[in-house]
> 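A single structure is presented below for examination.
Values below: every heavy atom of this structure, side chains too, minus hydrogens, waters and symmetry copies. Along the sequence shown, the residues carry numbers beginning at 1.
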Amino acid sequence: MVGTWVETGLVTVLLLSGMSRVPPDLYEAARLDGAGAVREFFAVTLPSVRGEIAVALTLTVIAALRTFDLVYVTTRGGPGTSTTVPSYEVYHRAFGLGQVGSAAAVGVTLALLIFVISFGINRFADRGLT
């Protein structure tokens with residue numbers, strides 16, 4: 001919940017800036033074609049802010065996967081391991097258990113996972129532009 005609240009401001013600014021650059025002519029054309037508010041949103045607004053959605057999604061996924069400070073300060077991965085995230089697991093293995101090799105493996109896997117997810121999001125966002 002805390003991480004979601006932290007990212008809400010950035011996502012809001014990104015989406016509002018994207019929606020402000022949508023030409024009003026597109027909305028007028030949609031209304032003339034008989035589109036209601038819902039159809040106008042899905043046919044005009046959503047495709048127009050596809051790039052901003054991709055950026056917001058990429059940043060929030062990366063922030064969620066690399067969150068360390070919130071977990072460390074609030075729960076330290078507990079109760080049990082219910083709030084453990086990969087970045088906290090790197091810290092715990094390296095400094096708590098002394099398993100530096102294992103921590104490095106988790107860190108590299110986390111970096112690769114972030115790369116794959118970011119690549120997938122950007123590939124999906126670019127597909128709609130062509």
> Rounded to the nearest 0.5 Å, what separation is found between the OG1 atom of T84 and the CZ atom of R76?
12.5 Å

> Does the side chain of V85 come within less than 4.5 Å of F68's, by heavy atoms?
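Counting from C-beta outward, F68 and V85 never come under 4.5 Å.
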
> Do F95 and Y88 share a hydrophobic cluster, counting only Ile, Leu, Val, Met, Phe, Trp and Tyr and linking them when any side-chain heavy atoms are less than 4.5 Å apart?
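Yes, F95 and Y88 fall within the same hydrophobic cluster.
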
> Between CZ of F124 and CG of L57, what distance do you get to the nearest 0.5 Å?
9.5 Å

> Which value, rounded to the nearest 0.5 Å, describes the distance between R39 atom CZ and R31 atom CZ?
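Nearest 0.5 Å value for the CZ-CZ distance: 15.0 Å.
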
> Find the distance between CD (E89) and CG (L97) and round it off to the nearest 0.5 Å.
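Those atoms lie 7.5 Å apart.
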
> L26 and L32: same hydrophobic cluster, using ILVMFWY side-chain contacts below 4.5 Å?
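No, L26 and L32 fall in different hydrophobic clusters.
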
> Please check if the number of heavy atoms outside E28 that lie under 6.0 Å from its CD is greater than 12.
no

> Do you reckon V116 sits in the same ILVMFWY cluster as L59, going by side-chain contacts under 4.5 Å, direct or chained?
no

> Taking all atoms of both residues into account, what is the closest heavy-atom pair of A30 and V44, and its distance?
CB-CG2, 3.9 Å

> S118 side chain to F115 main-chain N or O, any donor-acceptor pair under 3.5 Å?
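Flag not set: sc S118 to bb F115 has no pair under 3.5 Å.
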
> For a quick test of reading the model, state the closest non-hydrogen atom pair linking R21 to S48 and the distance between them.
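For R21 and S48, the tightest heavy-atom pair comes out as NH2-O, 3.1 Å.
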
> Of all heavy-atom pairs between S87 and L65, which one has the smallest distance, and what is that distance?
OG-O, 4.0 Å

> Measuring from atom CD1 of I62 to atom CG of L113, what distance do you get when rounded to the nearest 0.5 angstrom?
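Rounded to the nearest 0.5 Å, the CD1-CG separation comes to 10.5 Å.
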
> Given the rule that I, L, V, M, F, W and Y join up when any side-chain heavy atoms are under 4.5 Å apart, are V11 and F41 in one cluster?
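Yes.
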
> Can you name the nearest heavy-atom pair linking V106 to P86, along with the distance?
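In this case the closest contact between V106 and P86 is CG1-O, 3.9 Å.
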
> Please name the residue in the list T12, V13, L14 that meets the side-chain contact (heavy atoms from CB on, under 4.5 Å) test with L16.
T12

> Please give me the minimum heavy-atom distance between I121 and A54, naming the atom from each residue.
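It is CG2-O, 3.6 Å.
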
> Quick one: does T45's side chain get under 4.5 Å of V22's, heavy atoms only?
no

> About how many Å separate CZ of F119 and CG of L112, when rounded to the nearest 0.5 Å?
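The CZ atom of F119 is 13.5 Å from CG of L112, to the nearest 0.5 Å.
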
> For the residue pair Y72 and Y91, does the interplanar ring angle fall in the parallel (under 30°), tilted (30 to 60°) or perpendicular (over 60°) class?
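Perpendicular, since the angle between the ring planes exceeds 60°.
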
> Start with the C-alpha gap between T83 and T74, add the side-chain angles, then the distance that decides, and say whether side-chain contact (heavy atoms from CB on, under 4.5 Å) holds.
CA-CA 10 Å; T83 60; T74 56; over 6 Å; no

> Is there side-chain contact between L10 and T60, with heavy atoms separated by less than 4.5 Å?
no

> Please find the pair of heavy atoms, one from A105 and one from T109, that lie closest to each other, and give the distance.
O-OG1, 2.7 Å

> Count I, L, V, M, F, W, Y as connected when their side-chain heavy atoms are under 4.5 Å apart, and connections chain through other members. Are I53 and F42 then in the same cluster?
yes

